[in-house]
Every structure is written in structure tokens, then in C-alpha cells.
There are 2 protein chains.
Amino acid sequence: MVPFYPEESKIYVAVDCIIFGFDNDGLKVLLYKRSFEPFKGKWSLMGGFVATYESIDDAARRVLYECSGLHDVFMEQIYAFGDVNRDPESRVVSIAYSALINIENYNNDLNKSMGASWWRINELPELIFDHRQMIEKALNRLRERCKNRPIGFELLPEKFTLPRLIKLYEEIYQKKIDKRNFRKKILSMNLLKRLDEKDKSTSKRGAFLYRFDKKKYNKLIEKGFHFEL
Amino acid sequence: MVPFYPEESKIYVAVDCIIFGFDNDGLKVLLYKRSFEPFKGKWSLMGGFVATYESIDDAARRVLYECSGLHDVFMEQIYAFGDVNRDPESRVVSIAYSALINIENYNNDLNKSMGASWWRINELPELIFDHRQMIEKALNRLRERCKNRPIGFELLPEKFTLPRLIKLYEEIYQKKIDKRNFRKKILSMNLLKRLDEKDKSTSKRGAFLYRFDKKKYNKLIEKGFHFEL
DNA sequence: CCAAAAGTGTTGACCGTACACCCATGA
DNA sequence: TCATGGGTGTACGGTCAACACTTTTGG
């Protein structure tokens, strides 16, 4: 309403990244140990200020790249957090973004240099500010997202077995899934192509490897679909 | 990551409100004619800067109050818009909020003094900045929201007829709804109490008035539910 | 008495869910 | 040969979608 821009009302805008990964142990987020005060030694999400020359989406991509070395990753804005005292140091509005990465592409050497480590989503440590809430919101969004998008694409390696895919969904929803029904449903979408290879790393018999059919995948997300468990 | 707060990266944070209302013509949003340059005379959402002493939620409530005189309204954060040049005047990150109001509570005299008017959601004028996108996102969220919450509560007057409720859903989803199936489904939730009154304003026979059962309503949103059309 | 909106049930198709046993293989 | 995880089919019940006629009453 006010036709001028009052200099004194400028404030800091930050982005914080909730980075999800999935490995043999389950679904995890990447957290960083703060190396400076306040809250030195506490765990936090990786974040950074939005510069005046970059969009908030670009800032989120930059932060993700700086801490993981990864480009071209599925990212999504989750929510803007703007309580007055969320950061006791200064007034900061922070916009949370989630990223889904294939944990095999992530260079775990970074963890030492950055003071980072992966935490299972149901065993999180104490976190600074409102970062716990950010993760909670990101998880809920992830659960919603699964209903409109075969999200496994992002979190799994190119080739994967059905038991792994089932495990992923079990982790996301934190509940047991009937494998027969799951197979029936996911295969009926004609989204997966079975390869002539087996992964024998988890059983003697071995499980067939599958790969997403990217054409079908793109068609599906275009015209929308629904995948409920 | 950076343990200091660089003064020069402070930017403006604004909120913009998508105010939804529902009347005999259908689902509408409240728009304002800009009275100052740039884009004088163009239509826009009502917005305002977030002050350093208020949370972003508070800012959204304040802006809504300033332009509508309404308190205690259902509001929800939609999305943060942060392209570098979205506002050509200055770098502004704007957080869109939607509000659902009962249009009967809104004082239409305000429209003259504020240069505001209601627009049907499928007949919107040209809008400044990214406000069109904001409305689009808010509409999509509204459609999602309907699945978890009997949203009619917010947009309808206390007493309403079933044909009105059906019309509301038809407007939100922009498609025809089978009235028999709709009645069956909504009544089976035991969420509505039929009154011994009829509204004869739209037909000779008259339609029964209903009212939400707030207790049932609260129980339902607590433990979650699903209402798909 | 007629126009216009309100109200009312049934059926078939499909989908989700529950559930238990055989298979392949390395050790 | 046995232990371990991988893979498979069916039957039932519930939910959703399609569909047309009767009721009321003011003008």
C-alpha cells in the first residue's frame, strides 16, 4: 500500500537446505556441526544468506552445491520461517528448501572437511533455531510428494531392486508395506523396466534390478497421477 | 556457514495476501487498483513490507486487517517468491499468504475507499509482478486443502444450503459435481447438522439450511481425514 | 398448472487389502 | 540341506461413479 520503500525495514533473508539421502540404513538427512558461536558444536542444517544479486532458488542451489558439490538435484521450496527471534543474533527470515540426492553420488569425504554427518530421520540430534521444524515440514512434503511423483527416482541409484524401493517407501512413511500389493501397484504403472541383471549383495537368490522408464515417467508427471499407500 | 551477518545483503521482505471469497456469482479474489507508480492503475494483490518487529505471519495478518478490517481469519502461507527482478523498483522477496473469508462479513464499502473489487477466479485482469502466479499457487493449495479440511466452513456463512456447498466445490475445482453422490458423501461424515429452516431465496420449494458441527469438525481435522471428489 | 430447483437409491465396476507358500542359491 | 531373502495370486469388501424421476410451491 505504501508507495515507498523504507530502508530501515530491510532484513536478512537466508535459505536452509534439508538434504535427504537413502542408504542401507534408511532415510537420512545431512546435518552440520556448527563451528562458531552462538550454538557452537550444535547441529544444524546447511544454510546461507540470499545475496542481492541472486534469486532465492539460486541461493538454495548455491548452498547445496557449496556443501555437497552437487548440481542438478531435485529441490523444492518448503516454507518460509519468519519469527522475530528465531535467530537470536539478528532478524533473519529463512526459506527452507529440500533436496533429494542419490547418496551414492555424494562424496563422503566432504563429511570430515565440513563437519557433516548423515542422521536417520527418526534419530535426530538436538538442532538449532527452528531447524527441527524445517525437517518436519520437509518430511511431510516428501510424503505428499510421493503421491504425485515417483520420488524414488531421485533418492535411488539408476539401477535398484524392488525390495530397496519398498524399503524406501517404508522409511518415508515409517510403516510396514505389503510387498505383494506394492509390487502389483508399482508394476501396473509400467514405469519400471526389469533388467536381466540381479543384485546378489543382499541375498543368495538375488533380486532383479530395475530402472525407471524416463519417457513414461515424464508423461506421468505431466498429466498427473496418484499413488497412494 | 559464514559466521557473520553482512549488512549489505539485507533485502526487503514483503507479504502479499490472496483473499478468497464466495458469493452468488462464484469464487472470487479481492484485488486492488494501484494508485501510484510504477504500474499505476494496474491491479494487484494487497501487500506490505514485513517490519523488523513483527513475524511474517503477523505481517500477513496486519495487511489483511488493514485492507479488510477482518481479524481471526483462516490464513495460510503459500509460497515465497524471490526472483531478483520481480519488483523492478527494488529487490523484494515476497511471501504469499492466502485468506479465506466469509464474504458477508466483509464490508463492501471498503471497496470504494481502497480501490478494491472482487474478481471471479476465471476472469482475472492483468496483474502486476508475479501476482498472477501467486493466485495460481493459492488456488492449487486451496484444492489440496479441501481434501484434508472441510474448507466450506471458512468461505460460507454460518447457515448454508447443500446446493450452495456443492456450488462452492464446483467453483473450486471448476467442474460439475454429481449432487447425489456429493450429498451422500458429505452427510455420511456426520459433519453437518440440518436445521428446521429453509432458504427460499433461490427456489420456490426452498432448501434446508445446514450448519457445521464444530465438535465433529475439530475431531476430524485432528486425526486427519480424506475427502476426494 | 407449470416452471424451476430440491431432494432421493440402486447397481456395477473397480480398487485396496489381507493373506501364505514356493523358489533359488551360497554357505 | 538349510537358512535367507525374493518372488507370486486370489478372494472379499468397500468405495466410487453413473444414472432419472418425484416433490414442492410461488407465480
Side-chain angles (χ1 to χ4, degrees), chain A residues 23-26 143 146-148 150 152 156-157 159-171 173 175-211 220 224-229, chain B residues 23-26 143 146-148 150 152 156 159-171 173-211 220 224-229:
Chain A
D23 67 10
N24 288 327
D25 304 326
R143 288 175 185 137
C146 283
K147 296 175 185 164
N148 309 114
L156 290 169
K159 301 171 179 183
F160 54 88
T161 65
L162 282 185
R164 285 296 287 156
L165 187 58
I166 294 172
K167 181 81 191 305
L168 173 56
Y169 278 87
E170 286 181 336
E171 280 287 316
Y173 289 105
K175 70 171 189 189
K176 201 97 197 91
I177 291 171
D178 182 292
K179 61 179 173 172
R180 281 182 287 192
N181 293 335
F182 183 88
R183 278 166 177 274
K184 209 187 317 166
K185 193 182 271 180
I186 195 90
L187 292 175
S188 74
M189 299 175 87
N190 291 324
L191 193 69
L192 301 182
K193 255 210 326 252
R194 197 176 89 174
L195 307 177
D196 285 330
E197 284 173 83
K198 282 191 166 189
D199 171 13
K200 296 207 164 190
S201 65
T202 55
S203 77
K204 292 158 186 168
R205 179 180 181 179
F208 278 106
L209 287 164
Y210 287 78
R211 169 196 311 241
L220 272 180
F225 77 103
H226 198 76
F227 184 77
E228 192 94 38
L229 300 172
Chain B
D23 67 10
N24 288 328
D25 304 325
R143 288 175 184 136
C146 283
K147 296 175 186 165
N148 310 113
L156 290 169
K159 301 172 181 183
F160 54 88
T161 66
L162 283 186
R164 285 295 289 156
L165 188 57
I166 293 173
K167 180 80 190 306
L168 174 56
Y169 277 87
E170 286 181 334
E171 280 287 315
Y173 289 105
Q174 294 282 304
K175 70 171 188 188
K176 201 98 197 90
I177 292 171
D178 183 291
K179 60 179 175 173
R180 280 181 288 191
N181 292 336
F182 183 89
R183 276 166 178 274
K184 210 186 314 166
K185 192 181 273 179
I186 196 86
L187 291 175
S188 73
M189 300 175 86
N190 291 323
L191 193 69
L192 301 182
K193 258 214 320 256
R194 197 177 88 173
L195 308 177
D196 285 329
E197 284 173 83
K198 283 191 166 188
D199 170 12
K200 296 208 166 190
S201 65
T202 56
S203 78
K204 292 158 185 168
R205 180 179 180 179
F208 278 107
L209 286 164
Y210 287 78
R211 169 195 313 239
L220 271 182
F225 78 103
H226 198 77
F227 184 77
E228 193 93 38
L229 301 171

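Just so it is clear: chains get the letters A, B, ... in the order the sequence lines come, proteins before strands, and each one is counted from 1.
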Between A:His226 and B:His226, how do the two ring planes meet: parallel, tilted or perpendicular, split at 30° and 60°?
->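 Rings of A:His226 and B:His226: tilted, 30 to 60°.
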Pairing of A:Lys175 and A:Glu170 as salt bridge, 4.0 angstrom limit |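 A salt bridge is absent here (no side-chain N lies under 4.0 Å from a carboxylate O).
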Short N-O contact, A:Lys159 and A:Glu197, less than 4.0 angstrom |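 Yes.
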Nearest-Å distance, [atom1] ([X]) to [atom2] ([N])?
X	N	atom1	atom2	result
A:His226	C:dC14	NE2	C1'	15 Å
B:Leu187	C:dG9	CG	P	12 Å
B:Asn24	C:dA5	CG	P	13 Å
B:Arg183	D:dC19	CZ	C1'	16 Å
A:Ile186	D:dT8	CD1	C1'	17 Å
A:Leu165	D:dG7	CG	C1'	15 Å
B:Asp199	D:dT25	CG	C1'	15 Å
B:Phe182	D:dA18	CZ	C1'	18 Å

Spell out, as yes or no, whether a donor-acceptor pair under 3.5 Å connects the side chain of B:Glu171 to the backbone of B:Leu168.
->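 A pair under 3.5 Å: no.
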Watson-Crick or G-U stems involving DNA chain C, each at least 3 pairs long, distances under 3.5 Å, ordered by first number |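 Listed by first number, the stems are C:1-15 with D:13-27, C:17-27 with D:1-11.
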Report the residues that fulfil ring-ring contact (aromatic ring centres under 6.0 Å, His included) with B:Tyr173, sequence neighbours left out, ordered by chain and then residue number.
->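 Here no residue qualifies.
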By ring-ring contact (aromatic ring centres under 6.0 Å, His included), which residues pair with A:Tyr210, not counting sequence neighbours?
->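 Checked A:Tyr210 against ring-ring contact (aromatic ring centres under 6.0 Å, His included); zero matches.
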Pairwise ring pair (Phe, Tyr, Trp, His ring centres under 6.0 Å) hits with a residue in residues 189-209 of chain B, at least two apart =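 Passing the test, one end in residues 189-209 of chain B: no pairs.
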If a protein heavy atom is under 4.0 Å from the base, mark B; if only from the sugar-phosphate, S; if neither, -; do that for nucleotides 17-25 of chain C going 5' to 3'.
-> BBBB--BBB
Output all residues satisfying side-chain hydrogen bond (donor to acceptor under 3.5 Å, both in side chains) with A:Ser188, sequence neighbours left out; order by chain, then residue number.
->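 Not a single residue meets the side-chain hydrogen bond (donor to acceptor under 3.5 Å, both in side chains) criterion with A:Ser188.
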Starting at CG of A:Asp178, measure out to NZ of A:Lys184 and round the result to the nearest 0.5 Å.
->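 Reported value, rounded in 0.5 Å steps: 7.5 Å.
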